[in-house]
K.L.:
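I have a structure I would like to understand better, so I am pasting it below and will then ask my questions one at a time.
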Amino acid sequence: MSGDGSGGGGGNGNGDGLAARRGVDDAVVYQPAEDSGLLAEAAVAEAHGCVLEVGTGSGWVAERIAEERGLDVVGTDLNPHAARQARERGVEAVVADLLSPFRADAFDTVCFNPPYLPTDPDNEWDDWMEHALSGGESGRELIEPFLADVGRALAPDGVVLLLVSSLTGYDEVLDLVDEAGFAAEPVVEESFPFETLTVLALRRA
Amino acid sequence: MKESLMDVICCPLDKAPLELDVDDEDDEEVLAGTLTCTECGETYPIEDGIPNLLPPDMREEAAA
């Protein structure tokens, strides 16, 4: 995740044409980066059954899973511009807040690359790109409600693939995973100059 | 959205089943319509093939 926040833009999409709208979408939708590549690698290896990607952004990870595994993938995002981009990639897109509009036991695989950068509350940008990057003061403000609810939407033998950055606090996330009743196993891990990224596979403990 | 999505979605407020009203569709999917909660009656729009299942208070906020 390259969180310099410069790509935010005002995003006041008044363009009528598809091209203009797509330009606006690109400016306000998180585009694939190292973290996306790592989540896709893990998800292609581990996914089974009916798949949900929460916070799908551009839809790139969801598309990879659908193409390389031939699975049905639903992608959600809070950001309607992101949902539109995901749909253009052929992903079944839904505008949603985390897992709130999904039924109990609906998915066999749930993937999430959360907004995870710890952000000073005085320094928030309050636009779509901030929503895509910022995990609040702790970096875990989206991970907490996600873990608290994912067990409901996950089928009994389901797996959760969660991307965790060292910037977010690896041990703190493991504690939350434990509280939610899951056991965590690292699937892929990669170190970068400022952070180590790990994709954890969570299964019911 | 494909009609098969109805098997996995529910009302974000009370998790009750939704009812689908189709305004426009092609061979594969629903392009426009309304999803109505069978319990609380809240409605959720489907526009350009994408259902917006945000709770009503978040939908207002996200309209920008």
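Proteins get letters first, then strands, A, B, ... in listed order; numbering begins at 1 in each.
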K.L.:
In terms of heavy-atom proximity below 4.5 Å to chain A, should B:Lys2 be classed as side chain, backbone, both, or neither?
P.N.:
both
K.L.:
Within the distance-only criterion (no hydrogens, no angle test), does the side chain of A:Ser165 pair as donor or acceptor with the backbone N or O of A:Leu167 below 3.5 angstrom?
P.N.:
yes
K.L.:
Heavy-atom cut-off 4.5 Å, strictly under: side chain, backbone, both or neither for A:Val94 against chain B?
P.N.:
both
K.L.:
Name the orientation class of the two ring planes belonging to A:Phe146 and A:Phe112 (parallel below 30°, tilted from 30 to 60°, perpendicular beyond 60°).
P.N.:
tilted
K.L.:
I'd like to verify something: which residue of B:Leu53, B:Ile9, B:Val8 has the highest number of heavy-atom pairs under 4.5 Å with chain A?
P.N.:
B:Val8
K.L.:
I'd like to know if the side chain of A:Arg103 and the backbone of B:Met6 have a donor-acceptor N/O pair within less than 3.5 Å.
P.N.:
yes
K.L.:
Please examine the side chains of A:Val95 and B:Pro51, heavy atoms only from C-beta on, and report whether any two atoms are closer than 4.5 Å.
P.N.:
no
K.L.:
With a cut-off of 6.0 Å (strictly less than), are more than 12 heavy atoms of other residues, nucleotides or ligands near CG of A:Asp149?
P.N.:
yes
K.L.:
Under a 4.5 Å heavy-atom cut-off, does chain A meet the side chain of B:Glu47, its backbone, both or neither?
P.N.:
neither
K.L.:
Find the one option among A:Cys50, A:Ala106, A:Pro101, A:Ala93 whose heavy-atom pairs under 4.5 Å with chain B are most numerous.
P.N.:
A:Pro101
